[in-house]
Protein chains: 2
Amino acid sequence: MYKVLRKHLERVIEISDQEFDEFCSLLVLRKLRRKELLIRPGDRVTSEFYVISGCLQAFHTSENGDQSILQFGIEDWWVSDFEAFFNDTPARLSVSCIEDSTVLELNKEMLEELYKRIPKFERFFRIKLTKAFVALYSRIQNGLEKNSTTRYLEFCETYPHIEQRVPNYKIASYLGIKPESLSRIRKELAEREASINKA
Amino acid sequence: MYKVLRKHLERVIEISDQEFDEFCSLLVLRKLRRKELLIRPGDRVTSEFYVISGCLQAFHTSENGDQSILQFGIEDWWVSDFEAFFNDTPARLSVSCIEDSTVLELNKEMLEELYKRIPKFERFFRIKLTKAFVALYSRIQNGLEKNSTTRYLEFCETYPHIEQRVPNYKIASYLGIKPESLSRIRKELAEREASINKA
DNA sequence: TGAGTTCATTGACCTATGTTATCCTTTGCT
DNA sequence: AGCAAAGGATAACATAGGTCAATGAACTCA
């Protein structure tokens, strides 16, 4: 079970068995049921979650009750309300399970202790952060210059594993459009494809 | 001139005169003219830029020539094509001056040398990165759930100094709408305000 | 000073997306 | 099996924002 995690770390830093064990000793294994909430608005967020199996979502609920999904989390991803996590402010997002899931909970304070003992873990998370930063940057760029159809197609290309397992209305929410619009887009794409196949 | 920079650092970490001098010794002062380009697509990006005075923009140019602005940079901000900077990939953005500007150029390799000598600078940039990450996160959230009028009003509130000095069509570009739309939005807001004042 | 450039605004029109309501299928539960 | 809930599609209509074209003000610079 922890093999995937070890690989995950070793794509960025080299670690010994002992260092890996020390890292694992900070983690709390949690088994979660579909729809279970890990973080709700207002919570103090002291942990981030590494997904072993299943699928999570981080989403914001607006005053009128609409939800917009900021992040999906499947196997090998980290999920949290990172604004609250980094800034020690009350959560503005919710994090919940789309499927039954198994996650490893990593406490922030324990992590900072670990940074002092084994600095290479600080390096690991700094590099993860730059990657996440760049990913957000290009998501903003997509939002600025691409239409919904293109954004949907690129989402399917970039995250085929997510597209296949989460309902369309959640994808719509992530893309910033309504489910009805996504439905229209998918119909349009299917028709396009059909007419190509006929020709 | 470097006083502002020192304050900028000291909002996050404490540093001695000597440490500050060592940091400054890495920096190259550059005076730039309006419209001058610091980074163009395809460049290798080895530096980030701290703005002493003036105003920069980081923008993407799409195939059909449309530009979308990802970031403005005024006094006390860092600007670059961060994707290229962090990943050592060719620049996809351009960075140019909206006004005559003075910047301090910080070379990535020299910075990494400095990290080894004085680790607290690594801490400084890691914290700056978390702040930037959170800012991008909330920009995405705004894009998902707010209409253009709201986004414009919040932009004016959040960045009054930018709103006052860059042309409206650049603000429109940053917000992901066309200048004509922003013009209509501004008209609508002015009318609303007028009718409130009359009442 | 005068011509060119940049920028903002406006109007007419068009298109993509949102809204509301309804219907149908699938899935899950007991 | 039978019912409820979830998910998806669709249609009619409304609206925000994009497109295109024209105008004029303000600024720049030779």
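The sequence lines fix the lettering, A, B, ..., with proteins before strands; numbering per chain opens at 1.
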For dA8(C) and S183(B) - does any side-chain N or O of the residue sit under 4.0 Å from the phosphate oxygens OP1/OP2?
no
E122(A)/R126(A) ion pair, N-O < 4.0 Å:
no
May I ask you to say what R186(B) touches in the nucleic acid, namely base, sugar-phosphate or nothing, with a heavy-atom cut-off under 4.0 Å?
sugar-phosphate
Regarding the side chain of K178(A), the nearest nucleotide among dG18(C), dC20(D), dG17(D) is dG18(C)
Tell me whether the side-chain N/O atoms of S148(B) come closer than 4.0 Å to OP1 or OP2 in dA16(D).
no
In whole angstrom, give the distance that lies between atom CG of L182(B) and atom C1' of dG17(D).
12 Å
Grab the CD1-P distance between I98(A) and dA6(D) for me, whole Å please.
15 Å
Taking everything shown except E191(B) itself, do over 12 heavy atoms lie less than 6.0 Å from its CD?
yes
Remember a base hit wins even if backbone is also touched, and classify K170(A) as base, sugar-phosphate or nothing at under 4.0 Å, heavy atoms.
nothing
Nearest to side-chain heavy atoms of P167(A), which nucleotide of dT17(C), dG17(D), dG7(D):
dG7(D)
Against H8(B), only a single residue in F23(B), F124(B), Y2(B) fulfils ring pair (Phe, Tyr, Trp, His ring centres under 6.0 Å); can you say which?
F124(B)
Taking CG from N147(A) and P from dG17(D), how many angstroms apart are they, rounded to a whole number?
16 Å
When the distance from CG of D66(B) to P of dG18(D) is rounded to whole Å, what number comes out?
11 Å
Integer-rounded Å distance: dA16(C) C1' and I177(A) CD1:
11 Å
Looking only at side-chain N and O atoms, does K35(A) come under 4.0 Å of OP1 or OP2 in dA6(D)?
yes
Side chain R184(A) and base dG8(D) donor-acceptor under 3.5 Å
no
Looking only at side-chain N and O atoms, does N168(A) come under 4.0 Å of OP1 or OP2 in dG8(D)?
yes
R6(B) and D17(B) ion-paired at < 4.0 Å:
yes
Going by ring pair (Phe, Tyr, Trp, His ring centres under 6.0 Å), Y174(A) matches just one of F59(A), Y152(A), F155(A). Which one?
F155(A)
Can a side chain N or O of K187(B) be found less than 4.0 Å away from OP1 or OP2 on dT9(C)?
no
